[in-house]
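For reference, the structure is listed below as structure tokens.
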Amino acid sequence: MSNESSLFRRLSTREKQLVEMYSTILSDDSQKKSDKFLLQLMTTKIDQVESKTMKSKFLNNFLKITIMFLAGASTVLLGVKQDYMNPDDLKNLVLFITALITFLSGLAILWNIETYWIRIKVMLNRLKALRYKYAFYLTEEKVSKDKNQVSHAFLKEFLEVIEDEYWEKLMKSRLNTEDPAKSPDNEI
């Protein structure tokens with residue numbers, strides 16, 4: 001599921017079929033604008049989250065590889081016996097490298113990039129699963145009386161997946177006021 005699309009490689013046959021399916025749904029005149037909008041919203045958010053996932057993965061791996069390389073270099077420099085470099089200069093170089101390792105390790109801990117990357121990756125996979133489910137729902141032939149409620153349910157699930165507290169709370173409160181079953185008149 002996480003390999004549904006990528007910015008840096010060709011699309012496989014299955015991925016091309018998915019893109020065609022989403023395009024067909026979006027170009028279908030029988031679909032309501034709100035249904036198309038929600039599918040387009042999901043697709044746009046997936047593209048944004050996928051870009052963030054790739055950037056955070058690159059940053060996470062870059063920090064780890066750089067720290068490992070610098071740690072190895074400082075170890076080698078400390079163990080080398082040579083006559084062409086002043087021992088004090090060598091100590092200062094190793095001290096600088098060790099300070100750089102400490103700084104990069106501190107950044108990795110402060111930013112907590114690995115946890116952020118994993119969280120974003122999970123969000124991406126949940127968004128893709130929701131889009132699959134919604135696209136399947138839209139392609140079904142049966143017409144439901146509760147189509148508005150089902151669309152609201154998909155929108156609520158979408159908002160829960162993106163976990164944007166302010167906007168999520170705002171949209172949930174608005175959806176709850178539009179839902180007649182949850183109106184203040186029906187509450188005890």
Side-chain angles (χ1 to χ4, degrees), residues 1-27 31 33-72 99-140 149-176 178-179:
M1 191 170 11
S2 63
N3 293 328
E4 178 183 313
S5 62
S6 177
L7 300 174
F8 298 112
R9 62 178 176 79
R10 289 191 201 152
L11 296 176
S12 71
T13 307
R14 278 192 238 165
E15 291 166 340
K16 287 178 184 176
Q17 290 172 343
L18 284 171
V19 169
E20 288 175 22
M21 182 186 75
Y22 298 137
S23 298
T24 302
I25 292 171
L26 290 172
S27 64
Q31 294 290 337
K33 286 183 180 181
S34 62
D35 293 340
K36 290 181 184 181
F37 174 75
L38 186 54
L39 184 63
Q40 188 63 45
L41 183 67
M42 287 181 197
T43 302
T44 303
K45 189 64 176 178
I46 286 171
D47 291 342
Q48 292 171 349
V49 171
E50 196 164 41
S51 174
K52 285 181 185 179
T53 302
M54 293 172 60
K55 288 175 186 175
S56 58
K57 178 182 178 181
F58 172 78
L59 184 59
N60 179 52
N61 291 338
F62 176 77
L63 281 173
K64 285 184 176 183
I65 290 170
T66 304
I67 290 169
M68 287 188 305
F69 174 77
L70 291 173
L100 192 57
I101 291 170
T102 304
F103 175 73
L104 291 176
S105 298
L107 279 181
I109 291 169
L110 178 68
W111 288 341
N112 204 1
I113 293 294
E114 187 170 13
T115 302
Y116 177 73
W117 168 48
I118 291 170
R119 192 178 126 245
I120 294 292
K121 186 68 173 178
V122 167
M123 183 192 306
L124 176 64
N125 289 337
R126 288 178 62 199
L127 281 170
K128 287 180 180 179
L130 180 63
R131 183 173 64 178
Y132 291 149
K133 196 164 56 168
Y134 189 63
F136 178 75
Y137 163 74
L138 290 178
T139 57
E140 286 183 337
Q149 289 180 345
V150 173
S151 292
H152 281 352
F154 277 110
L155 182 58
K156 283 181 184 180
E157 190 174 345
F158 172 74
L159 292 172
E160 288 171 2
V161 169
I162 62 172
E163 299 173 351
D164 189 353
E165 280 189 36
Y166 175 75
W167 293 111
E168 180 182 354
K169 287 178 184 176
L170 180 68
M171 291 300 292
K172 277 186 178 180
S173 67
R174 186 169 181 191
L175 287 173
N176 287 338
E178 290 176 6
D179 190 359

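Nothing here was measured: the structure is a model prediction, and the numbers come from that model.
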Separation of N61 CG from W117 CH2 (nearest 0.5 Å) = 6.0 Å
To the nearest 0.5 Å, what is the distance between CD1 (I113) and NZ (K64)?
-> 11.0 Å
Answer yes or no: is there a donor N or O on one side and an acceptor on the other, between the side chain of S56 and the main chain of T53, under 3.5 Å?
-> yes
Are K133 and F154 close enough that some pair of their side-chain heavy atoms sits under 4.5 Å apart?
-> yes
Would you give the length of the straight line joining atom CZ of R119 to atom CG of L124, rounded to the nearest 0.5 angstrom?
-> 13.0 Å
Basic-acidic side-chain contact under 4.0 Å: E50, K121 = no
dist I120:CD1 -> N125:CG (nearest 0.5 Å) comes out at 11.5 Å
Is it true that E157 and R126 have a side-chain N and a carboxylate O under 4.0 angstrom from each other?
-> no
Any chance the side chains of N112 and T115 put a donor and an acceptor closer than 3.5 Å?
-> yes
With a 4.5 Å limit on heavy-atom distance, are the side chains of W111 and Y116 in contact?
-> no
Is there a side-chain contact between L59 and K55, using heavy atoms and a 4.5 Å cut-off?
-> no
Distance from T43 atom OG1 to L127 atom CG, nearest 0.5 Å?
-> 10.0 Å
Spatial distance of atom CG (L130) from atom OH (Y134) [nearest 0.5 Å] | 9.5 Å
